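Notes follow the structure.
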Amino acid sequence: MIWEQELAALKENGLYRQLQSVETLNGNGQALVNGQKMLMFASNNYLGLAQDQRVIEASIQATERFGTGSTGSQLTTGHSIIHEKLETKLAQFKQTEAAILLNTGYMANMAALTTIVGKGDLILSDEGNHASIIDGCRLSRAETVIYSHADLDDLEMKLQSNRGFKRTLIVTDGVFSMDGDIAPLPGIVDLAERYGALIMVDDAHATGVLGKDGRGTSEHFGLKGKVDIEMGTLSKAIGAEGGFLAGSRSLIDFILNKARPFIFSTALSPGIVAGALAAVEIIMTEPERREHLQCMSRRLYEELISLGYTVTGGETPILGIICGKPEQATLLSKDLHKYGIYAPAIRPPTVPIGTSRIRLTLMAQHQEPHIDHVICAFKAIISNDRDNREMTVPIG
Ligand SMILES: *Cc1c(COP(=O)(O)O)cnc(C)c1O
């Protein structure tokens, strides 16, 4: 069978993927991975809200009141008062006129890109953008031109040499999911103004994390109101599941009327929506989670650099430890595993060829001893000290 040959080729090239069974433990930064207790450094639950008791309570209460399923798409029977409350809250959080819920961040990107642009339009997309943006661009039927990662000169050159389209949209991740770096939004805003382009920012990793109040990339740069469409997910710092788009009232209304991922899919379940609502309220009132996260991530970044690792990020809870070949990344991941640290290898096509890596993500539950432990492990590994096995996972 053709797929069996392809699977064999994936194994041959170190690109075969397998599921791990993961069970989160009490929100203390640890998890059971295939039954083994490990320190979790691979979760997008940045603020720890997926295990926050207030979020869990809100979710249980809504499930008891409304049931497990939403029973229909938002335009038929799926839009309850808590869906409406969450949309209003998200608009308030993002400081936009309106917001709309989609079932995943993936679908939110699909919904935006297939609605705002189409045949005869131009999309300029950063080469480091998330797969859901890439797929959204393809499905939109707009002409898509990729510019070099975070490269404003290349973006300008491509704006200059691609004129005559009806509409132009620049789309970028706010925080890049694999490198953990931040998009050069001030320069993008400037170029968009000069060339009459719209801007869309995917804030999947920035929502709840960047900016004084966690509102995302535009708040981080003091550019609130300059981004036409802000996308976010409920599945990362918000600790639930689902996605959303925030922007002007008319744009959100247009998406409601046109976007197929919105129209033709059952709305999020009430329990999830209520959990997300409670989480957004916490994000808006508890900045200390963000500050703690930033301190730890800064420290880990600096220590790994000084140990001689090539590390990307540093300003966000995502750190990329670049290894090169897929096998090297897999080996480092296995070594970390021996020290009780769960941080999987990220390989092509998720990242460009030659940049296979370990992606470490921090969470607000991590404490200094956890970071100490990670630094010790990387130190031992780089000095090839493979006999140093006495380290155990500290109980947080
Ligand atoms: C995770 C992610 C998404 C998809 O969000 P889901 O809610 O998981 O579907 C979109 N964009 C980026 C940059 C992401 O990291």
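Just so you know, ligand 1 is whichever comes first in the structure, and atom 1 is the first atom listed for that ligand. Just so we're clear, the structure is a prediction, and the values are computed from it rather than from any experiment.
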- side-chain contact (heavy atoms from CB on, under 4.5 Å) between Asp173 and Asp126, worked out: CA-CA 8 Å; Asp173 281 12; Asp126 187 292; over 6 Å; no
- Task: Check which hydrophobic residues are tied to Ile2 through side-chain heavy-atom contacts below 4.5 Å, counting indirect links as well, and list them.
- Result: Met1, Trp3
- Task: Indicate whether the side chain of Thr71 and that of Thr77 have a donor and an acceptor atom separated by less than 3.5 Å.
- Result: yes
- Task: Ignoring hydrogens and angles, state whether a donor on the side chain of Ser218 or Glu230 is under 3.5 Å from an acceptor on the partner side chain.
- Result: yes
- Which residues satisfy the side-chain hydrogen bond (donor to acceptor under 3.5 Å, both in side chains) test with Asp228, sequence neighbours excluded? none
- Message: I'd like to check the ring pair (Phe, Tyr, Trp, His ring centres under 6.0 Å) partners of Phe41; sequence neighbours left out, ordered by chain and number.
- Response: His366
- Contact residues of ligand 1 (heavy atom under 4.0 Å), by chain and number: Thr104, Gly105, Tyr106, Asn109, His130, Ser132, Asp173, Ser177, Asp202, Ala204, His205, Met231, Thr233, Ser235, Lys236, Gly242
